[in-house]
2 protein chains.
Amino acid sequence: MSYDPSAFPPFAVTVDLVVLTVRRHALCALAVRRGEAPYKGRWALPGGFVRADEDLTQAAARELAEETGLHAHAPSVPAQDNGAHLEQLATYGDPGRDPRMRVVSVAHLALAPDLPAPRAGGDASNARWAPVEELLRHEGYGRDGETAAPLAFDHAQILADGVERARSKIEYSSLATAFCPTEFTVGELRRVYEAVWGVALDPRNFHRKVTGTPGFLVPTGGTTTRQGGRPAQLFRAGGATLLNPPMLRPEV
Amino acid sequence: MSYDPSAFPPFAVTVDLVVLTVRRHALCALAVRRGEAPYKGRWALPGGFVRADEDLTQAAARELAEETGLHAHAPSVPAQDNGAHLEQLATYGDPGRDPRMRVVSVAHLALAPDLPAPRAGGDASNARWAPVEELLRHEGYGRDGETAAPLAFDHAQILADGVERARSKIEYSSLATAFCPTEFTVGELRRVYEAVWGVALDPRNFHRKVTGTPGFLVPTGGTTTRQGGRPAQLFRAGGATLLNPPMLRPEV
DNA sequence: GATCATAGTCGTCTCACTGACGATAAACAC
DNA sequence: GTGTTTATCGTCAGTGAGACGACTATGATC
């Protein structure tokens, strides 16, 4: 209970980012290649130290901008324009999670629409969107040599926690729209759910559900045929953030 | 991105605890009186520094034991014996949240059955169970002079976040049983929901719902009349942790 | 231009579950 | 006994989800 300033051990505090997007029907996360020991050459989550005068959320938003150019939204605001949803995920502080010193990492979760190629400090070869399934396939039997090695530090755990958060949160919130561009169709939104949950959903029931939930979607009046087939109405995210009743994730 | 050990600012890392219980039909939190500046004499959440060789969860469990004598459970295990549910809540790291230095606090949420009086380092007058409604009533117009002042630091925000977590989590998990003793009746469990949500629930529908959810409750065979009225069956928590379909919180 | 493939949209039917609420049961206080 | 309290069982109507049929509007192919 004592706050004697000489009595507490010093920690380094970092933010690590789980940046998720949906590309080619797969849930993908941003990974950067480590340029230094430890885990040199291995893939890791983007992140960095929290500065002395910086809030944790500010630090996460700064790192996100540095890695992706994305502008972060406050958690309550639905993703519009070119912004990403950003929220705190959890904090990881095992002694020994970093072999060099005692580091406590405050992980954040960011959800972004499909983006152009990532840039890590301008060096594209050191950053990539990788399917989370691939990043979490630890054993390294995949044919892609680059991702055969598990993520550095405890980042596999952090990524898994972030994915699980995203999977559960799109059930009861309108967060899935954060994966979509400003204007999107019901089918595009459905493909987001299908990619994040890894299941197939009935297009007719999905359409009835999302268009029937007040505040979830607002029609823009336009239509598009970019998915082929019959033209689909365009929507943008409505003001509702909590869905009641929630979307039901098929299970069992 | 650089990990130059001389390039990061040092932080103090603490754990703060939101310890909730249900007493006399009210959701209560453990509060301790601060013995030192800043906020000397004000009520605060229990907490303390994370030690150099300690995991965050270990630190939270240690603080919990020091303040209450409670033995913490792993998050996956339902509360049995004399243990409490413990899970990480969120991390608070505003510069300036502690006027003396840069402190990052990893808040944890603990749920406990109704306990004997708290003990803070053996001094009972410096620890108490207070209704959360009272602790969060910042303005200080209450007639109880002791709680007229808001909680120290950003602890009102932390407490509010913890209460909100508990309120939402008993919807879709069996966590409400963590507020009950090992053996309890359906009526006692219902009073937990009523206290946490601050609503009245229909006893008949509640009974149908909880006894009809597989894995939620297992009858022990015994009965009790400790609540008065007709004897009620005793149950203990079943193995299920996720309730599907969830309990529905009345709203609107 | 007819046909086909693809996606979107509207409807219908059934079943499960909930909320409202009546009725009965088993204890205690008087 | 009578009244009070709490527990427990039943009924009924309304809501919403899953399964799935039917129709529509576009581009691609022959």
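Order of the sequence lines fixes the chain letters, A, B, ..., with proteins taken first and strands second; residue numbering starts at 1 for each chain. Bear in mind the structure is a predicted one, so any value in this text is a computation, not a measurement.
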message: Suppose we screen for salt bridge (charged side-chain N to carboxylate O under 4.0 Å, His left out). Which residues come up paired with B:Arg204, at least two apart in sequence or across chains?
response: B:Asp202

- line: Residues passing the salt bridge (charged side-chain N to carboxylate O under 4.0 Å, His left out) test with A:Arg191, sequence neighbours excluded, are none

- prompt: Are B:Asp161 and B:Tyr92 linked by a side-chain donor-acceptor pair shorter than 3.5 Å?
  reply: yes

query: Taking only residues two or more places apart in sequence or in another chain, which ones pass side chain to side chain donor-acceptor pair (under 3.5 Å) with B:Glu183?
result: B:Arg236

Those residues of residues 216-230 of chain A lying under 4.0 Å from DNA chain D by at least one heavy atom: A:Gly229, A:Arg230

statement: residues 193-225 of chain A vs ring pair (Phe, Tyr, Trp, His ring centres under 6.0 Å), sequence neighbours excluded, gives A:Tyr193-A:Trp197, A:Tyr193-A:Phe206

Contacts of type side chain to side chain donor-acceptor pair (under 3.5 Å), residue A:Asp154, not counting sequence neighbours: A:Arg97

field: Positions of residues 197-210 of chain A (non-hydrogen atom under 4.0 Å from DNA chain D), listed by number
entry: A:Asp202, A:Arg204, A:Asn205, A:Arg208, A:Lys209

message: Test of understanding: with salt bridge (charged side-chain N to carboxylate O under 4.0 Å, His left out), list the residues that count as partners of A:Lys209, not counting sequence neighbours.
response: none

field: Nucleotide interval of DNA chain C bounded by contacts with chain B (heavy-atom cut-off, under 4.0 Å)
entry: C:dT18 to C:dA27

- prompt: salt bridge (Lys or Arg N to Asp or Glu O under 4.0 Å): which pairs involve residues 167-179 of chain A, sequence neighbours left out?
  reply: A:Glu87-A:Lys169, A:Glu171-A:Arg249

Sequence neighbours excluded - salt bridge (Lys or Arg N to Asp or Glu O under 4.0 Å) pairs with any residue from residues 216-232 of chain B: B:Glu188-B:Arg226

task: Please list, chain by chain and in numerical order, all residues satisfying salt bridge (charged side-chain N to carboxylate O under 4.0 Å, His left out) with B:Arg24, sequence neighbours excluded.
output: none

